[in-house]
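Lettering follows sequence order; numbering is per chain, from 1.
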There are 2 protein chains.
Amino acid sequence: MAVSARRGAPLSIEEICSTALRLMDEGGVAGLSMRKLAAELNVNPMSLYHHVDSKEALLAQICATAAERMPLPPDDGTPWQAQLRALALAYHRHAREHPAMWTYVQNHPEIVADRRMKLWEVLYRILRLAGVTEEELHRTGDVLYAFVSGFVMAEIRGHLPADREGIDRDFDTAIHLMIHGLAGFGRQAAHPD
Amino acid sequence: MAVSARRGAPLSIEEICSTALRLMDEGGVAGLSMRKLAAELNVNPMSLYHHVDSKEALLAQICATAAERMPLPPDDGTPWQAQLRALALAYHRHAREHPAMWTYVQNHPEIVADRRMKLWEVLYRILRLAGVTEEELHRTGDVLYAFVSGFVMAEIRGHLPADREGIDRDFDTAIHLMIHGLAGFGRQAAHPD
DNA sequence: ACCTGAACACCGTTCAAGT
DNA sequence: ACCTGAACACCGTTCAAGT
């Protein structure tokens with residue numbers, strides 16, 4: 001029988017991706033193998049290759065999709081400092097939900113390099129609010145993203161104190177550093193309200 | 001014959017570590033396997049396990065040793081801003097020489113958690129110069145290390161522009177952000193000279 | 001004490017074959 | 001078009017055996 005050792009539906013790329021992401025959430029990057037994934041889907045390992053070029057391509061697709069779905073704070077008209085904080089918190093929360101996925105992204109930053117991603121739109125809007133010039137926008141965004149991802153990774157890897165209070169204080173320190181760094185960034189930083 | 005398919009010496013932990021680091025430098029984390037390492041050393045794969053508990057333990061030892069050997073800038077009496085910059089540059093240079101090793105460290109931050117490491121000594125000295133209080137020292141150090149490692153990783157992974165000039169400007173932006181972040185950190189930042 | 005070969009339980013992926 | 005089994009070239013590691 002070649003038709004289906006499976007239940008009903010004939011294996012879609014969406015089902016493959018969501019199951020793979022779940023395996024990563026549960027068991028880390030090491031917890032995802034093509035063979036385990038196939039077993040989880042009740043399918044022959046080789047069937048996966050009909051929907052996906054390689055494990056690497058699958059991981060790239062999982063990460064890009066999940067990153068695109070990260071909930072982002074709306075433009076609520078509050079000062080840029082508050083909005084930057086909200087954005088960093090959103091990233092932090094999503095990374096805590098999918099630590100293995102974001103670890104993989106950190107090691108393969110090209111996945112998140114597409115400047116049409118909403119993440120970049122929101123960050124650029126906030127940086128403009130903070131008074132960053134168009135010329136500096138791209139560079140400043142890259143550096144801040146690297147800072148935040150470095151911090152969030154250290155945090156979810158357990159490099160920083162584990163108790164709720166310690167995390168909050170570390171987070172405050174990180175945001176504080178970035179905000180004052182931006183404010184001292186040359187031209188008058190915008191002071192809304 | 002069980003005595004030696006090898007040349008002369010009987011396989012030391014130092015030789016194992018330095019060869020393994022070279023393999024990582026040449027072929028990335030994926031370029032290091034216990035079997036390739038053994039082949040490189042003209043030895044049976046299983047012989048390695050007489051000097052090392054596991055691949056994970058070997059990697060931890062390689063990273064800890066290499067991190068401890070990272071050249072650090074001396075206390076040259078210059079302002080803390082210049083010294084912070086010099087420290088970040090030293091880290092950047094070392095990471096460029098051993099990118100796979102530092103990538104592994106970033107994913108296993110406990111390797112670099114030992115506060116007796118010279119890296120932390122130097123960073124704490126600079127932060128004290130910058131006016132950071134003892135109470136904030138540990139936390140601020142953690143956050144800055146996370147920032148710098150995040151930035152350096154993004155850079156060596158090619159997430160930032162590749163040309164020499166672009167890298168320099170990104171580096172300037174990163175240092176600028178950190179310095180002004182620290183300077184705005186509350187109490188009067190020290191202004192030497 | 002140090003090294004080895006065979007074996008085990010895994011990987012990702014190719015390829016020819018099935019319906 | 002979609003799925004499969006067998007096979008290939010790899011992994012890390014255990015274990016009993018050699019000197």
- Message: Please determine whether any donor N or O and acceptor N or O are separated by less than 3.5 Å between the side chain of B:H50 and the base of C:dC2.
- Response: no
- Query: Roughly how many Å is it from CG in B:L11 to C1' in C:dC3, rounded to a whole number?
  - Reply: 10 Å
- Task: Using whole Å, report how far CD of B:E15 lies from P of C:dC2.
- Result: 14 Å
- Message: Pick the closest DNA chain C nucleotide for A:K36 and for A:D53 by heavy atoms, then say which residue is nearer the 5' end.
- Response: A:K36
- Query: Could you give the CD-to-P distance, from B:E56 to D:dC11, as a whole number of Å?
  - Reply: 18 Å
- For atom CG of A:L58 and atom P of C:dC11, their distance in whole Å: 15 Å
- ILVMFWY cluster, B:I167 and A:F147 together (side-chain gap under 4.5 Å): no
- Message: If only side-chain N and O atoms count, and only distance matters, is there a donor-acceptor pair under 3.5 Å linking A:T103 with A:R157?
- Response: yes
- Take A:S47 and A:R35, find for each the nucleotide of DNA chain D with the closest heavy atom, and name the residue whose nucleotide sits nearer the 5' end. A:S47
- Task: For C:dT14, give its Watson-Crick or G-U wobble partner with both distances under 3.5 Å, or none.
- Result: D:dA6
- Tightest non-hydrogen contact, residues B:V112 and B:W120, listed as O-NE1, 2.9 Å
- Query: What does D:dA1 pair with, Watson-Crick or G-U, if both distances are under 3.5 Å?
  - Reply: C:dT19
- Query: Within the distance-only criterion (no hydrogens, no angle test), does the side chain of B:H94 pair as donor or acceptor with the backbone N or O of B:A67 below 3.5 angstrom?
  - Reply: no
- Item | A:N44 CG to C:dT19 C1', straight-line distance once rounded to whole Å | 15 Å
- Query: Looking across every strand, which nucleic acid part, if any, lies under 4.0 Å from A:M46 by heavy atom: base, sugar-phosphate, or nothing?
  - Reply: base
- With the side chain defined as heavy atoms from C-beta on, B:K55 is closest, among D:dT13, D:dT4, C:dT4, to D:dT13
- Which of D:dT4, D:dC11, C:dC3 is nearest the side chain of A:V43? It is D:dT4
- Message: Without decimals, in angstroms, what is the distance between A:L48 CG and D:dG5 P?
- Response: 13 Å
- State, without any angle test, whether A:H92 and A:E155 hold a side-chain donor-acceptor pair at a distance under 3.5 Å. yes
- Nearest whole angstrom, please: distance from the P of D:dC10 to the CE of B:M34. 18 Å
- Task: To the nearest Å, give me how far apart CG (B:L41) and P (C:dC3) are.
- Result: 11 Å
- Message: Does C:dC3 have OP1 or OP2 under 4.0 Å away from a side-chain N or O of B:H51?
- Response: yes
